[in-house]
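A, B, ... follow the sequence lines: proteins, then strands. Residue 1 opens every chain. Here the structure is a predicted model, which means the values were calculated and not measured.
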Amino acid sequence: MARSDEAAAFFLAVYSAVREIPPGKVTTYGHIAKLVGTPQRPRQVGVCLKHLSQDPDSRHNHDNVPWQRVINSKGLISPRSQPSGARNQAAALEAEGVEVSTGSLGELSVDFSQYGWFPRSLPSEADEFDDVDDEEDEDEDEDEP
DNA sequence: CGCTTGACCTACG
DNA sequence: ACGTAGGCCAAGC
């Protein structure tokens, strides 16, 4: 198995995981990284999405992968380098029905307690989350020794 | 062909 | 609660 294939598999895994995110919900890069089996490589997830947005001809693009539903662990949208991208992502999230709060510095924050999609119980994703009532469905089908 | 940056996260001080 | 440090891999220069 060549490393290139591994990388490609990682890309596909990320796209697949992101695609699993239901509309109106958001998740973090770290969570996606865990879902793909690489909890120690959240950056690559972002890299995948970045290339994804510039790959309209590829099998995976904006229309196929809801990259906008992926944000950082702080509950804030990564400003990439310019607020344009983050702002666009926020707009897309709002279009999905996700409420995005804008800070004075132009920071876009999303409430995980409301729109956070987290299959399987994950450790402290955020800090200030005491009670999270179950509302969505949950599936467990993997194998973890 | 090698160094730097980056849509990040967790842990430690 | 915030700042710093370490890790990890790919794309860009």
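The side chain to side chain contact (heavy atoms under 4.5 Å, CB included) check on A:Ala17 picks up A:Ile32, A:Leu35, A:Val36, with sequence neighbours excluded. Annotation: side chain to side chain contact (heavy atoms under 4.5 Å, CB included) contacts of A:Thr102 (sequence neighbours excluded): A:Leu108. Annotation: side-chain hydrogen bond (donor to acceptor under 3.5 Å, both in side chains) contacts of A:Arg80 (sequence neighbours excluded): none.
What separates CZ of A:Arg41 from C1' of C:dG7 is a distance of 9 Å, to the nearest Å. Atom CZ in A:Phe11 sits about 8 Å away from atom P in C:dA10, given to the nearest Å. The CZ-C1' distance, from A:Phe10 to C:dA11, rounds to 14 Å in whole Å. One interatomic measurement links the two molecules: CD of A:Gln40 to P of C:dA5, which rounds to 19 Å at whole-angstrom precision.
Side chain of A:Ser73 to main chain of A:Thr28: no donor-acceptor pair is present (N/O by atom type, distance under 3.5 Å, no hydrogens or angles).
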Using a cut-off of under 3.5 Å, enumerate the N/O to N/O pairs linking the protein to nucleotides 3-7 of chain B.
{"residue": "B:dG6", "atom": "N9", "partner": "A:Arg43", "partner atom": "NH2", "Å": "3.1"}
{"residue": "B:dG6", "atom": "N7", "partner": "A:Arg43", "partner atom": "NH2", "Å": "2.7"}
{"residue": "B:dA7", "atom": "OP1", "partner": "A:Lys50", "partner atom": "NZ", "Å": "2.8"}
{"residue": "B:dA7", "atom": "OP2", "partner": "A:Arg80", "partner atom": "O", "Å": "2.8"}
{"residue": "B:dA7", "atom": "N7", "partner": "A:Gly46", "partner atom": "O", "Å": "2.9"}
{"residue": "B:dA7", "atom": "N7", "partner": "A:Lys50", "partner atom": "N", "Å": "2.6"}
{"residue": "B:dA7", "atom": "N6", "partner": "A:Leu49", "partner atom": "O", "Å": "2.5"}
{"residue": "B:dA7", "atom": "N6", "partner": "A:Lys50", "partner atom": "N", "Å": "3.4"}
{"residue": "B:dA7", "atom": "N6", "partner": "A:Ser53", "partner atom": "OG", "Å": "2.9"}

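Between A:Ser73 and B:dC9 there is a side-chain polar atom (N or O) within less than 4.0 angstrom of OP1 or OP2.
Under the salt bridge (Lys or Arg N to Asp or Glu O under 4.0 Å) criterion, the residue pairs touching residues 66-78 of chain A are A:Arg69-A:Glu96, with sequence neighbours excluded.
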Name every donor-acceptor pair, under 3.5 Å, that has one atom in a side chain of residues 87-95 of chain A and the other anywhere in the protein, sequence neighbours excluded.
{"residue": "A:Gln89", "atom": "NE2", "partner": "A:Gln68", "partner atom": "O", "Å": "3.0"}
{"residue": "A:Gln89", "atom": "NE2", "partner": "A:Val70", "partner atom": "O", "Å": "2.8"}

